[in-house]
Q: 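Once you've had a glance at the structure underneath, I'll fire off some questions.
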There are 2 protein chains.
Amino acid sequence: MRDVVAVVKALADENRLRALFALRLSELCLCQIIELLGLSPSTVSRHMSILKQARLVESRKDGRWIYYRQAGDNAAPLVRGALDWVSRSLKGGKETAKDVRQLKNILKTNPETLCKRQRKN
Amino acid sequence: MRDVVAVVKALADENRLRALFALRLSELCLCQIIELLGLSPSTVSRHMSILKQARLVESRKDGRWIYYRQAGDNAAPLVRGALDWVSRSLKGGKETAKDVRQLKNILKTNPETLCKRQRKN
DNA sequence: CCTATACTTCGCCAAATATCGAAATGATAC
DNA sequence: GTATCATTTCGATATTTGGCGAAGTATAGG
C-alpha cells in the first residue's frame with residue numbers, strides 16, 4: 001500500500017506528469033526539463049526527486065549533468081503499469097502535443113547552451 | 001490532461017484507495033464505507049464525491065441510502081485503466097487483505113443496524 | 001587550488017487538502 | 001405535518017504540498 005500511495009502521489013501533479021511523459025521520448029538532463037516546464041531549478045529538482053523516490057524514473061550522472069529517464073521494462077509491475085497508464089492517457093492530448101513540439105526544439109539545442117541561456121535569466 | 005490530473009489526484013489518498021478497492025468486491029452504501037475507514041461521515045462523503053467527480057465511481061440512490069460502485073466496463077479508457085491498475089497493484093497487499101476481512105464482516109450486518117450503531121458514537 | 005557550473009537542499013510562504021462537528025438537505029415513517 | 005434518519009454542505013483548523021531564492025555540494029577545467 002505504501003508503494004502504491006507513493007506512486008499515485010508522485011503522479012498527482014500536472015508538472016510531474018508532463019516531465020514523466022516527456023521522458024517517454026528521450027532521456028533528459030535537468031536543465032532540459034527546467035526549460036520544458038518553465039519552473040525554477042530547485043522546484044524541478046524536487047519534482048524529479050519525488051518521481052525517483054517513487055521509482056518512476058531513474059537517473060545517471062555524466063560529469064556535471066544528471067540525465068533522467070523513465071524506469072525501464074525491468075521495473076516493478078506497479079511502476080510499469082503506472083507508466084503505461086500515463087502514456088496511454090496523455091498521448092494525443094492537446095497540451096501534451098504542445099510539450100512534444102517544444103521538446104523537439106529543446107533537443108535541437110545542446111544542453112550546455114541551454115543551461116547558459118537559463119543562467120542569464 | 002485535466003481529466004488525467006483529476007483521476008490521479010482522486011487516487012492520491014490512502015483512504016480513497018481503500019474505499020475504491022473495497023468497491024471492487026461489492027457496491028456499498030456510505031455508512032459501510034464509514035465503518036471500513038473509521039472516519040467521520042462528512043469526511044467519507046467528501047472522499048466519495050471526489051472519486052465521483054473523477055468518474056472513478058458511480059452511485060445510485062435507494063431511499064435514504066446511497067450506494068456507491070466502481071465505474072463500469074463502459075467507462076472511459078482513462079478511468080478503466082486507472083481502476084485496473086489500482087486493483088492489480090493493491091491485490092495481495094497486507095493492509096488490503098485486512099480491509100477485505102473487515103469488509104466481509106461489514107457485509108454480514110445490514111446497513112440499517114450499522115448506521116444505528118454509528119449514531120450511538 | 002580557484003572559478004564556474006549543474007544540480008540539490010534548506011527555509012520560507014502561499015495555496016491546496018484532509019479532517020471534524022454543526023447545520024442543512026432530502027427521504028421515510030409515523 | 002412532525003420526527004427520524006442517511007447523507008451532504010459549510011466553516012474552522014491542522015497538515016501537506018508547490019513554489020521560489022539563497023546557500024550548499026560536487027565536478028570540470030583552468
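Letters A, B, ... mirror the listed sequences (proteins, then strands); counts begin at 1.
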Q: In residues 32-46 of chain B, what residues come within less than 4.0 Å of DNA chain C, judged by heavy atoms?
A: B/Leu39, B/Ser40, B/Ser42, B/Thr43, B/Arg46
Q: So, does A/Gln102 use its side chain to make a donor-acceptor pair with the main chain of A/Glu35 at under 3.5 Å?
A: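 Such a contact is found between A/Gln102 side chain and A/Glu35 backbone.
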Q: What pairs of donor and acceptor atoms, side-chain ones from residues 1-8 of chain A against any protein atom, are under 3.5 angstrom apart with sequence neighbours left out?
A:
none

Q: Walking along DNA chain C from 5' to 3', note the first and the last nucleotide with an atom under 4.0 Å from a heavy atom of chain B, and give both.
A: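 Nucleotide range with atoms under 4.0 Å of chain B: C/dT17 to C/dT28.
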Q: List the atom of A/Thr96, the atom of A/Leu90, and the distance in Å for their closest heavy-atom pair.
A: OG1-O, 3.1 Å
Q: Enumerate the residues from residues 13-30 of chain B whose closest heavy atom to DNA chain C is under 4.0 Å, giving them by residue number; use none for an empty result.
A: B/Asp13, B/Asn15, B/Arg16
Q: Evaluate whether atom CD of A/Gln118 has more than 12 neighbouring non-hydrogen atoms of other residues, nucleotides or ligands under 6.0 angstrom away.
A: yes
Q: Taking the nucleotide of DNA chain D with the closest heavy atom to each, which residue, A/Ile50 or B/Tyr68, is nearer the 5' end?
A: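 In this pair, the answer is B/Tyr68.
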Q: Can you tell me which residue among B/Arg60, B/Glu58, B/Lys52, B/Glu27 is in a side-chain contact (heavy atoms from CB on, under 4.5 Å) with B/Tyr68?
A: B/Lys52
Q: Mark yes when over 12 heavy atoms from residues, nucleotides or ligands other than A/Arg80 sit less than 6.0 Å from its CZ; otherwise mark no.
A: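 Above 12, so yes.
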Q: For B/Leu30 and B/Pro41, work out which heavy atoms get closest and say how close.
A: CD2-O, 4.2 Å
Q: On DNA chain C, nearest-nucleotide positions of A/Trp65 versus A/Lys9: which is more 5'?
A: A/Trp65
Q: Which other residues end up in the same hydrophobic cluster as B/Ile50, if Ile, Leu, Val, Met, Phe, Trp and Tyr are linked when side-chain heavy atoms come under 4.5 Å apart?
A: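 So far as hydrophobic clustering goes, B/Ile50 is joined with none.
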Q: Quick one, B/Val44 with B/Leu39, criterion side chain to side chain contact (heavy atoms under 4.5 Å, CB included). Give me CA distance, side-chain angles, the key distance, then yes/no.
A: CA-CA 6 Å; B/Val44 176; B/Leu39 297 172; 3.8 Å; yes
Q: At a heavy-atom distance below 4.0 Å, which nucleotide of DNA chain D is the first touched by chain A, and which is the last?
A: D/dT17 to D/dA28
Q: Could you tell me whether a side-chain N or O of B/Ser59 sits under 3.5 Å from a main-chain N or O of B/Ile66, the two making a donor and an acceptor?
A: no
Q: Within the side chain of A/Thr109, is there an N or O that forms a donor-acceptor pair under 3.5 Å with the backbone of A/Leu114?
A: no
Q: Apply side chain to side chain contact (heavy atoms under 4.5 Å, CB included) to residues A/Arg18 and A/Ile33 and explain how you reach the verdict.
A: CA-CA 9 Å; A/Arg18 290 173 64 199; A/Ile33 307 175; over 6 Å; no
Q: Any donor and acceptor pair, going by atom type alone, linking the side chain of A/Ser89 with main-chain N or O of A/Trp85 inside 3.5 Å?
A: yes
